[in-house]
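Reckoned from all heavy atoms, side chains included, excluding hydrogens, waters and symmetry mates.
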Amino acid sequence: MTAPPPLPEPADLHAVRLGEGLVPPTNRWFSGLVFGEEPQPVHPPPLSFALVDGGFTLGLPAVVTSERTLMGGNAPELGVAVDGAESALVTAYDEASVAMTLRDGSGAALATVTIAEGWPCVALRANADLELTLSAPFVGEDPPTLAVGPHTYALTLEDGTLDGTRCHVASGGTATFLALPEGADPAHLALLAVPVESTALTRSLTEDAATTTLTYTTAGNGPTAIAAMPHHGADPSAGDVLGTYSSVYGTLVLREATELTWSAPRREARAALDLSGLDDARREELAAQVALDVPALLDYPADTYFGGKALHRDARSSRSRSRSGPRGPPPSSASGSSPSRAAGRRWVRRRSATPSASRTTPRTGESWA
């Protein structure tokens with residue numbers, strides 16, 4: 001067997017907004033914060049969030065549907081400018097949370113901003129005495145709120161003061177911005193706007209099910225509020241529901257919690273498509289079509305993401321051909337090996353000819369965990 005050619009050295013990923021010592025977060029929901037000339041908006045459900053010059057924006061996406069589209073784009077309904085902030089870096093991340101450091105012109109840290117999937121808050125912790133300018137004034141007390149169209153936002157402060165659109169946060173203090181869900185009690189939710197410090201994922205297996213638990217660690221290990229998606233077993237009619245959010249995934253249900261746990265039935269992994277439901281005529285039709293498709297395989301993309309998808313698709317097609325139509329040995333390529341093996345060698349050759357890094361396109365709005 002011929003050994004595959006050596007792979008090229010990895011290309012420079014241009015992770016221009018990534019802290020020292022962190023692995024570049026390719027193919028993650030927050031990749032757009034790190035890569036590219038300008039940071040891209042990201043979507044930690046139920047929020048959208050974006051780094052902008054001098055600060056950040058957040059908001060609740062409006063879900064828009066048409067006969068061909070279901071989407072909820074970036075919603076910069078609330079802007080927060082930090083006096084003196086000139087740049088931002090992602091300085092920590094884990095399973096579901098991301099921390100960004102806002103810096104002044106000398107590179108000194110001014111504040112740490114934290115977001116997390118499933119968490120309806122954005123928390124800013126001051127590394128020095130800070131002055132914030134808000135895009136609109138919050139009004140009222142316990143907590144002060146801001147209405148923007150159909151949505152309402154609350155602000156909680158620790159070691160901070162609010163005066164119209166100006167907010168002072170002392171060094172070590174926090175300002176936490178909370179998107180209120182439909183049907184919420186603002187005073188109760190303000191008590192749960194406890195900054196998330198990290199998240200962790202654990203998995204377990206039984207004979208019948210696979211279970212996943214996502215745990216949120218908060219400042220002082222206090223309680224917080226987490227939005228659950230439908231596949232998390234969320235029930236909007238349950239008695240402990242604090243409110244709901246609209247999303248492209250369906251209704252998100254907010255509960256007081258520090259973890260999400262959900263299960264899925266355990267199933268045997270299949271290496272090929274299930275053809276047991278095809279009658280003889282359909283099997284012959286499939287065999288004829290795959291026989292036309294396999295010789296016409298296109299060159300693979302050079303990156304691991306789309307290249308891997310193409311390799312999987314072609315290997316599956318080749319295997320389907322060998323399992324449909326008349327029974328017999330798997331078809332062979334001109335070199336005497338199976339089409340799927342030939343496809344694998346072709347992908348390696350393609351990768352060696354075109355240096356490329358792993359896919360870095362931002363994946364915004366994807367399901368967490």
Side-chain angles (χ1 to χ4, degrees), residues 25 28-30 33 41-51 56-61 72 74-75 77-78 80 90-100 111-125 143 151-158 174-182 184-186 188-201 212-234 240-249 251-262 364-369:
R28 297 292 298 271
W29 64 269
F30 60 92
L33 297 174
V42 296
H43 294 74
L47 299 174
S48 70
F49 174 89
L51 289 172
F56 57 89
T57 66
L58 65 130
L60 288 169
N74 181 41
E77 295 185 325
L78 170 59
V80 180
V90 170
T91 46
Y93 67 84
D94 51 33
E95 293 293 342
S97 67
V98 180
M100 296 147 281
T112 300
V113 178
T114 302
I115 58 177
E117 293 181 293
W119 192 47
C121 303
V122 175
L124 178 148
R125 183 175 296 278
H151 301 139
T152 302
Y153 301 88
L155 170 62
T156 65
L157 292 169
E158 178 184 343
T174 59
T176 303
F177 301 91
L178 164 67
L180 297 175
E182 299 174 14
D185 175 0
H188 179 58
L189 278 181
L191 299 176
L192 301 177
V194 181
V196 166
E197 294 187 339
S198 64
T199 64
L201 196 68
T212 303
T213 298
L214 180 62
T215 301
Y216 297 76
T217 299
T218 61
N221 294 315
T224 191
I226 304 299
M229 294 177 66
H231 78 270
H232 296 144
D240 61 346
V241 171
L242 301 175
T244 60
Y245 301 96
S246 298
S247 84
V248 296
Y249 303 108
T251 299
L252 306 184
V253 175
L254 191 68
R255 294 192 183 97
E256 180 177 340
T258 55
E259 69 178 28
L260 288 173
T261 298
W262 66 98
T364 56
E366 62 187 9
S367 169
W368 64 95

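Within the 4.5 Å cutoff, the side chain of Pro195 has heavy atoms near those of the Thr176 side chain. The closest side-chain heavy-atom distance from Val42 to Val98 is not below 4.5 Å. Side-chain contact between Leu260 and Tyr216: present, with at least one pair of heavy atoms (C-beta onward) separated by less than 4.5 Å. For the pair Val253 and His232, the minimum side-chain heavy-atom distance is 4.5 Å or more. For the pair Thr156/Leu178, no side-chain contact is recorded, criterion being any heavy-atom separation below 4.5 Å from C-beta on. Using a 4.5 Å cut-off on side-chain heavy atoms (C-beta onward), Pro25 and Phe30 make contact. Contact check for Leu78 versus Val122: no side-chain heavy atoms found under the 4.5 Å cut-off.
Of all non-hydrogen atoms in Pro223 and Thr258, the two that sit nearest each other are CA-CG2, 4.2 Å. Considering every non-hydrogen atom in both Glu95 and Thr199, the closest pair reads N-OG1, 3.6 Å. Heavy-atom minimum distance, Gly59 versus Pro61: O-CD, 3.6 Å. Nearest heavy-atom pair across Glu117 and Trp29 is OE1-NE1, 3.1 Å. Shortest non-hydrogen contact noted between Thr224 and Val194 is OG1-O, 3.7 Å. Considering every non-hydrogen atom in both Gly72 and His43, the closest pair reads O-NE2, 3.5 Å.
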Stepwise side chain to side chain contact (heavy atoms under 4.5 Å, CB included) test for Ser247 and Tyr245: CA-CA 6 Å; Ser247 84; Tyr245 301 96; 5.8 Å; no
Pair Tyr153-Phe177, ring pair (Phe, Tyr, Trp, His ring centres under 6.0 Å): steps then yes or no: CA-CA 7 Å; Tyr153 301 88; Phe177 301 91; 9.2 Å; no
Evaluation steps, side chain to side chain contact (heavy atoms under 4.5 Å, CB included), between Val80 and Val113: CA-CA 11 Å; Val80 180; Val113 178; over 6 Å; no
Step-by-step side chain to side chain contact (heavy atoms under 4.5 Å, CB included) determination, Leu51 to Leu33: CA-CA 7 Å; Leu51 289 172; Leu33 297 174; 4.1 Å; yes
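For the pairing with Glu259, the side-chain contact (heavy atoms from CB on, under 4.5 Å) check across Ile226, Thr213, Thr217, Leu214 returns one residue only, Thr213. Each of Ile115, Thr114, Thr112, Thr91 was evaluated against Met100; a single residue qualifies, Ile115, per the side-chain contact (heavy atoms from CB on, under 4.5 Å) test.
Note that the CG atom of Asp94 and the CD atom of Glu197 stand 11.0 Å from one another [nearest 0.5 Å]. Here Asp240 contributes atom CG and Glu256 contributes atom CD; the two are 9.0 Å apart, rounded to the nearest 0.5 Å. Rounded to the nearest 0.5 angstrom, Leu252 CG and Ser246 OG are separated by 8.0 Å.
Distance alone, capped at 3.5 Å, places no donor-acceptor pair between the Thr244 side chain and the Thr251 backbone.
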